[in-house]
Enquirer: 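Just dropping this structure here.
Just so it is clear: chains get the letters A, B, ... in the order the sequence lines come, proteins before strands, and each one is counted from 1. Keep in mind that the numbers below use all heavy atoms, side chains included, and drop hydrogens, waters and symmetry copies.
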2 protein chains.
Amino acid sequence: MEQLPSLDDLSLFVDVAREGGLAGAARRTGATVPTISRKMTALERQMGRKLFERGPRGYALTAEGRAVLEQLQDLKDVQARLMRSLGQPDAVRVRVTAGAWTASYLARRLAQVWDKDDPWRLEFVESTRMLDIARRDADIGIRSRRPDQPWLAGRRTSKVEFAVYAASDDVRGFVALSADGPLTPSVRWVREQHGAEIITTACEEGTLVDLAVAGVGRVVMPTFVAKDVQGLKQVGPIIPELSHDEWLVCHHEARHDPPIRAALEAVASLLTSKP
Amino acid sequence: MEQLPSLDDLSLFVDVAREGGLAGAARRTGATVPTISRKMTALERQMGRKLFERGPRGYALTAEGRAVLEQLQDLKDVQARLMRSLGQPDAVRVRVTAGAWTASYLARRLAQVWDKDDPWRLEFVESTRMLDIARRDADIGIRSRRPDQPWLAGRRTSKVEFAVYAASDDVRGFVALSADGPLTPSVRWVREQHGAEIITTACEEGTLVDLAVAGVGRVVMPTFVAKDVQGLKQVGPIIPELSHDEWLVCHHEARHDPPIRAALEAVASLLTSKP
DNA sequence: GAGTTTGATTTCAAAAATGGAACAATTGCC
DNA sequence: GGCAATTGTTCCATTTTTGAAATCAAACTC
């Protein structure tokens with residue numbers, strides 16, 4: 001047997017074996033008896049094995065046929081499972097890549113725009129790993145610049161502004177992201193302006209916030225995120241160098257993909273309504 | 001989707017998705033690009049879902065397509081496994097139903113006629129459970145009478161004779177099968193002739209032999225089995241009432257099934273050469 | 001910016017698969 | 001023993017599927 005017989009023919013073989021004949025298999029599958037007859041003889045020819053004993057009361061498996069049937073058990077299992085699952089497929093997963101700050105903001109508010117019965121589901125993917133929307137590694141991206149690639153569609157959502165926050169006015173020193181990670185503008189700004197005052201570093205934004213709340217140091221973070229954090233107060237002005245627009249980006253063609261479109265609208269509504 | 005799409009089409013869908021386009025899938029599967037193109041549009045129509053985004057560089061999955069692809073992962077696994085396993089299928093298992101005595105005898109001598117590279121393998125199935133060769137529950141049966149059903153083919157192998165054995169001449173009493181099991185002629189004979197002398201009972205013939213070797217009692221068993229047992233000597237004459245012919249039986253059509261035929265010959269050669 | 005490459009669709013004739021009807025073989029039933 | 005019922009196969013006309021060639025479209029290349 002140089003190559004695998006058609007999966008459909010193998011599946012049909014199982015039906016014939018289980019029904020004990022062509023007539024039963026025909027009733028079950030909807031194909032006609034002559035068709036199945038020809039398919040089974042062709043299958044035997046292709047596999048070079050006699051699979052059935054033809055008797056006047058139907059088909060009986062040969063010893064070889066029984067051995068083959070055993071191998072095909074899973075095939076029918078998979079088929080049955082697909083039958084059920086393809087009917088109502090899992091909610092489509094729309095992958096969104098966003099910085100940790102924005103991801104956190106989205107995650108907190110997602111319930112406002114998403115219901116568990118919606119036909120899509122957000123899936124946050126690391127934006128540190130360089131992900132390419134053009135290559136469809138992610139469906140939706142949140143970036144700080146208008147995309148210049150022509151095949152990406154972008155829309156502005158709102159302005160992002162950074163300020164310094166701390167548990168109280170008298171906290172000195174800063175907590176900052178470690179320099180191993182991606183050097184975003186805000187990371188660079190802290191190191192340039194207050195490099196000497198950095199008390200401790202962390203590798204995740206969430207940890208940074210926890211440290212700041214605990215009074216370990218001041219933290220530079222976006223205003224729209226800080227609003228959600230209990231126990232932090234703004235202790236400095238908006239940092240003009242770090243202010244930028246925020247762009248919602250997706251592949252040009254993906255915009256016409258209904259689930260992606262729905263997710264895009266939901267994310268956009270959250271981000272543009274940012275105070 | 002009222003009914004499951006063809007497994008072959010689903011498999012093809014996975015190929016297209018993995019290759020990222022029709023051209024790649026065509027190279028992989030051997031079908032031509034137009035064919036695959038038509039099949040994929042038909043699949044989308046049947047499933048009522050847009051699975052791909054057609055771009056000038058090939059096909060890209062939609063979010064829905066990705067969800068479907070995930071569901072189909074196993075399908076390809078099964079297909080790959082079948083590819084390997086159907087090539088060299090397991091050795092065919094020929095099911096033989098025999099009484100415990102004969103099964104034991106066959107098992108001991110099987111190596112004389114069977115090699116692990118043979119394309120068939122004997123599988124002993126309980127003969128206590130009523131198995132019907134006509135219904136193909138077993139392929140080969142060993143019986144004590146010529147079969148009277150016309151669709152069973154039988155051949156005589158040799159005469160089976162019973163006698164009383166014991167560890168030594170001075171062992172008194174008998175060990176016998178318990179009366180719960182099937183009442184074979186030899187079981188009935190012991191209970192009728194020596195019912196009062198039964199020391200202990202067992203439910204398996206093997207245990208019975210062990211008991212007899214240990215000197216617990218005498219045992220009624222076939223001469224051809226007793227020859228294999230170290231430590232037992234014949235302590236009585238052949239019991240004429242229990243002598244009978246032994247018949248090798250199989251379904252008439254199964255005789256033409258090469259592996260069954262081979263097994264049949266092997267078993268027959270063992271049984272007819274019985275001393 | 002014209003030409004080449006890559007990838008998909010459409011067209012059309014040939015090949016293959018299909019289903020109905022006729023036929024054959026056997027079982028089961030009076 | 002004959003008749004109806006069940007099960008498969010063969011034959012043939014029809015439908016469907018297929019592949020080669022032509023066409024189209026976008027994207028690289030020089």
Enquirer: With side chain to side chain donor-acceptor pair (under 3.5 Å) as the criterion, how do Gln79(A) and Ser11(A) come out once you've worked through the C-alpha distance, each side chain's angles and the decisive distance to 0.1 Å?
Expert: CA-CA 9 Å; Gln79(A) 193 173 22; Ser11(A) 167; 3.1 Å; yes
Enquirer: Where the side chain of Arg38(B) is concerned, which of dA8(C), dT18(D), dT9(D) is the nearest nucleotide?
Expert: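 Looking only at side-chain atoms, Arg38(B) lies closest to dT18(D).
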Enquirer: Rounded to whole angstroms, how far apart are CD on Glu53(A) and P on dG8(D)?
Expert: 14 Å
Enquirer: Between Lys76(A) and Asp15(A), is the closest basic N to carboxylate O distance under 4.0 Å?
Expert: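 Yes, Asp15(A) and Lys76(A) are salt-bridged.
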Enquirer: Output the rounded distance in Å from CZ (Arg28(B)) to P (dG7(C)).
Expert: 15 Å
Enquirer: Is there a donor-acceptor pair under 3.5 Å between the side chain of Arg188(B) and the backbone N or O of Leu183(B)?
Expert: yes
Enquirer: Rounded to whole angstroms, how far apart are CD1 on Ile36(A) and C1' on dT9(D)?
Expert: 13 Å
Enquirer: Nearest-Å distance, CG (Asp8(B)) to C1' (dA17(C))?
Expert: 14 Å
Enquirer: According to a strict under-4.0 Å criterion, is Arg54(B) in side-chain N/O contact with OP1 or OP2 of dT9(C)?
Expert: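 Answer yes for this pair, as a side-chain N or O of Arg54(B) is under 4.0 Å from OP1 or OP2.
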Enquirer: Taking the side chain of Arg57(A) as its heavy atoms from C-beta onward, which of dG8(D), dT27(C), dC12(D) lies nearest to it?
Expert: dT27(C)
Enquirer: Apply side-chain contact (heavy atoms from CB on, under 4.5 Å) to the pair Met40(A) and Leu51(A), showing each step before the final yes or no.
Expert: CA-CA 9 Å; Met40(A) 290 303 106; Leu51(A) 300 171; 6.0 Å; no
Enquirer: Between Arg54(B) and Glu44(B) (salt bridge meaning N to carboxylate O under 4.0 Å), is one present in this structure?
Expert: yes
Enquirer: Over how many whole Å does the gap from Leu22(B) atom CG to dG19(D) atom P extend?
Expert: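 Going from Leu22(B) (CG) to dG19(D) (P), I get 13 Å.
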Enquirer: Between Asp9(B) (CG) and dT18(D) (C1'), how many Å, whole number?
Expert: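 Those two atoms, CG and C1', are 14 Å apart.
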Enquirer: What's the CZ-P distance between Phe52(A) and dT7(D), to the nearest Å?
Expert: 15 Å
Enquirer: Give a yes/no on whether any side-chain N or O of Tyr59(B) is located under 4.0 angstrom from OP1 or OP2 of dT6(C).
Expert: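 False: Tyr59(B) side-chain N/O out of range (4.0 Å or more) of dT6(C) OP1/OP2.
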Enquirer: Compare the minimum distances between each of dG19(D), dG8(D), dT6(C) and the side chain of Thr35(B), then state the nucleotide with the smallest one.
Expert: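 Selected nucleotide (nearest to the side chain): dG19(D).
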Enquirer: Could you tell me the separation between the CE atom of Met40(A) and the P atom of dT18(C), rounded to a whole number of Å?
Expert: 11 Å
Enquirer: Using a cut-off of less than 4.0 Å, is there contact between a side-chain N or O of Lys39(B) and OP1 or OP2 of dT17(D)?
Expert: no
Enquirer: With DNA chain C as reference, determine whether Pro34(A) or Pro56(A) sits nearer its 5' end, using the nearest nucleotide of each.
Expert: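 That would be Pro34(A).
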